[in-house]
Structures are given as C-alpha cells and as structure tokens.
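Step one of this worksheet: look at the structure below.
Every value quoted in this text rests on a predicted model; they were computed, and no experiment measured them. Quick note on labels: first sequence line is chain A, next is B, and so on, each numbered from 1.
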Number of protein chains: 2
Amino acid sequence: MDAKTKQKYEARAQIIKAMAHPSRLFIVDELSRGERCVCELRDMIGADISTISKHLSVLKGAGILEDEKRGLQVFYRLRVPCILNFFGCVEDVLVANARRGAAVVKK
Amino acid sequence: MDAKTKQKYEARAQIIKAMAHPSRLFIVDELSRGERCVCELRDMIGADISTISKHLSVLKGAGILEDEKRGLQVFYRLRVPCILNFFGCVEDVLVANARRGAAVVKK
DNA sequence: TTACTGGTTGGCAAAATAACCAAATAAATG
DNA sequence: CATTTATTTGGTTATTTTGCCAACCAGTAA
C-alpha cells in the first residue's frame, strides 16, 4: 500500500473508529431523534459527565456531530444523517451471526 | 443505560470496531471485488502475514467475512455485502469535513 | 519421511483508548 | 462581584489494540 492509499484508508478508519464504542453508538442513535444537551445524554448513559463530553468530542472531531451552545447548555446533533445507514447493516450482520450461532449449537 | 440496552450497543459496537482499522477497511473494500487469499492481501498491504491473518480473524470473528481453505491457500470473502454501504456515508462525512476545513481556513 | 509453502497462534513491547477525578471555563443569577 | 450550573480540559491509571517475531499446523510434493 503506497502512502497515499494508506492515508485514504486512515481517514476513513478514523470516522468509523469514532462510531466504534457502545456509548458513542448510543449517542448517534439517540441524536437521530433530535438534538440533546450533554446533561441529557449523561442521564441516559450514566457515566461521568467528563466521559460523555469526551465521547462527544470524538464524534465531533470526526465530523459526525456538530454542537451549539445556548445559554448554559451545549446541544449536539447529527451533522451527517446517513450515519444511521450503518445501523441497518450492523443489524444484518447480527442476524447472520445469530443464525451462525444457532447452526453451531445445532451441531 | 440498563444492562440489556448496554449489551445491545456493545454487540453493535463490536461489529463496527472490527471495521475501524485502515488495513481492515482496505480488506473489506478489496473483497468487495471478489475473494482473495491471505497472501494476495499481504502483498497488497505489505505487512507481516501474521498481522494480516489477525486482521482477517477480527473481521471473521465479527461475522463480516467467511473463509474457505482450498489446497494450501485460505480464501476470504464478504459474508454480508451491505457492509459496503458504510463507504458511501464515510465519503459524505469526508466531503463535509473538507468543506469545514476550507471554511476554517477562510476565516 | 522429509521438506516446502501458506497460514495461524502465542507472546511480548509499544501505542492507543477509556474512565474517572480534579481543576478550569463560561454563561446565567443573586 | 460572587455563586451556581453546564461543560470542557488535564492528568492518571487500567485496559485494549497493534504489529512483529518465533513457533507451530496443514496440505502438497519430492
């Protein structure tokens, strides 16, 4: 792989990596229903607020979310909604895996 | 997040995590054009064959690839082709980021 | 059997991630 | 201005991931 190709895949991997965490996946899923402030997400996820803030900054850094401060609160929303397409296929993989699991059990 | 919800997002994150690496992303992209043996992928990526083999086992473990041994070689192929949908959206994010980058530079 | 080729596995060191706490910042309020 | 609330940032430690090497395993062929 030459340097340019490597860069290409690194840039793409960074975006996918930003999604590759349960809490961050939850956040993306939740924001598909509309913007949320950090404190709402903290209440839903139940981790330290600094942890939530860091997850949000990873997603924002990747270009998946954008934020807006209004008063004391910061609201986050999806910047590129097609991100939700991921979920459908992930579901398909899980279904296929369940079948595989069932098949393995059958043996 | 209750335990069940957490599990749900962990299962999904595991699949996305399997894609979240430049070499593994390259492999998925390459296999979209047809099956390849480990040695072909090693030649294209240029890492140690044990490294390639481990990447493949991560993707296989997630249920994204399947393998078949024929003679001395092991061929890998996509098990769930919808995985390719990821690329389109990742492209969109990159385009949006490029615009953002341009805008930032403009300031 | 011996040797060879293609691939996997185990182990290790280096690098990247994750989660928490504490401290800093920023907007609103008394 | 001092205080409170919402969030971010810095620092630390624990965990996970990565990539290489060496050793091992599975077919194939001499």
Side-chain angles (χ1 to χ4, degrees), chain A residues 1 3 5-7 9-28 30-31 35-77, chain B residues 1 3 5-7 9-28 30-31 35-77:
Chain A
M1 237 189 331
T5 307
K6 197 176 164 190
Q7 258 193 318
Y9 284 97
E10 270 166 7
R12 280 149 189 74
Q14 211 199 325
I15 292 168
I16 296 186
K17 208 183 284 186
M19 307 266 296
H21 185 284
S23 300
R24 296 201 293 264
L25 220 44
F26 173 88
I27 288 170
V28 169
E30 182 58 30
L31 295 187
E35 60 173 27
R36 300 281 184 269
C37 68
V38 183
C39 55
E40 287 176 301
L41 294 168
R42 178 208 50 204
D43 292 344
M44 290 185 261
I45 294 173
D48 193 276
I49 191 143
S50 70
T51 301
I52 305 294
S53 177
K54 276 176 185 170
H55 282 313
L56 288 165
S57 95
V58 169
L59 287 164
K60 183 186 167 190
I64 295 168
L65 304 186
E66 55 189 8
D67 62 343
E68 188 187 341
K69 183 155 194 174
R70 294 204 298 273
L72 274 177
Q73 298 176 318
V74 178
F75 291 87
Y76 281 85
R77 56 177 168 263
Chain B
M1 235 187 335
T5 309
K6 197 177 163 189
Q7 258 193 319
Y9 284 97
E10 270 167 6
R12 280 150 188 74
Q14 213 198 326
I15 293 167
I16 297 186
K17 208 184 284 188
M19 308 266 296
H21 186 283
S23 299
R24 296 200 293 265
L25 218 45
F26 174 88
I27 288 169
V28 169
E30 182 59 30
L31 295 186
E35 62 172 26
R36 300 280 185 272
C37 68
V38 183
C39 56
E40 286 176 300
L41 295 168
R42 178 207 51 203
D43 291 345
M44 289 185 263
I45 295 172
D48 193 277
I49 192 148
S50 71
T51 301
I52 305 293
S53 178
K54 277 177 185 171
H55 282 312
L56 288 165
S57 93
V58 168
L59 287 164
K60 184 185 167 190
I64 295 168
L65 303 187
E66 56 190 8
D67 62 342
E68 187 187 343
K69 182 155 194 172
R70 294 203 298 273
L72 274 179
Q73 296 176 318
V74 178
F75 290 87
Y76 281 85
R77 55 177 168 261

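- Considering Arg36(A), Arg77(A), Arg42(A) as possible partners of Glu30(A), the one that fulfils the salt bridge (charged side-chain N to carboxylate O under 4.0 Å, His left out) test is Arg36(A).
- Side-chain atoms of Arg12(B) never come within 3.5 Å of backbone atoms of Phe26(A) as a donor-acceptor pair (strictly under, hydrogens ignored).
- Bracketed by its first and final contacts, the part of DNA chain D lying under 4.0 Å from non-hydrogen atoms of chain B reaches from dT17(D) to dT28(D) in 5' to 3' order.
- Using modelled atom types, no side-chain atom of Ser53(B) and backbone atom of Ser50(B) make a donor-acceptor pair closer than 3.5 Å.
- Heavy-atom distances under 4.0 Å link DNA chain C to Cys39(B), Ile49(B) of residues 39-49 of chain B, given in residue order.
- An OP1 or OP2 oxygen of dA19(C) is reached within less than 4.0 angstrom by no side-chain nitrogen or oxygen of Thr51(A).
- Applying the side-chain contact (heavy atoms from CB on, under 4.5 Å) test to Gln7(A) and every residue at least two apart in sequence or in another chain returns nothing.
- Regarding Met19(A), its CE atom lies at a distance of 18 Å from the C1' atom of dT17(C), rounded to whole Å.
- Of all the heavy atoms in Tyr76(A) and Asp67(A), the pair that sits closest is CE2-CB, 3.5 Å.
- For the pair Lys17(A) and Gly71(B), both in contact range of DNA chain D, the more 5′-proximal nearest nucleotide belongs to Lys17(A).
- Residues of residues 54-65 of chain B having a heavy atom closer than 4.0 Å to DNA chain D, listed by number: Lys54(B), His55(B).
- Closest-nucleotide positions on DNA chain C for Ser50(A) and Gln73(B) were compared, and the one nearer the 5' end corresponds to Gln73(B).
- Across all non-hydrogen atoms, the minimal contact from Met19(B) to Leu25(B) is O-CD1, 3.4 Å.
- Nucleotide dG7(C) holds its P atom 12 Å from the CZ atom of Arg70(B), rounded to whole Å.
- Between Leu31(B) and Leu59(B), every side-chain heavy-atom pair lies at or beyond the 4.5 Å cut-off.
- Nearest-nucleotide positions on DNA chain C for His21(A) and Leu72(B) put Leu72(B) closer to the 5' end.
- Looking only at side-chain heavy atoms (C-beta outward), Cys39(A) and Gln73(A) come within less than 4.5 Å of each other.
- Remark: Glu10(A) pairs with no residue by the side-chain hydrogen bond (donor to acceptor under 3.5 Å, both in side chains) rule, at least two apart or across chains.
- Listed by chain and residue number, nothing satisfies the side-chain contact (heavy atoms from CB on, under 4.5 Å) test with Gln14(A) (two or more places apart in sequence, or in another chain).
- Nucleic acid contact class of Tyr76(B) (heavy atoms, under 4.0 Å, all strands): sugar-phosphate only.
- The closest side-chain heavy-atom distance from Leu56(B) to Val74(B) is not below 4.5 Å.
- Between Ile52(A) and Ser23(B), the residue anchored closer to the 5' end of DNA chain D is Ile52(A), taking for each the nucleotide with the nearest heavy atom.
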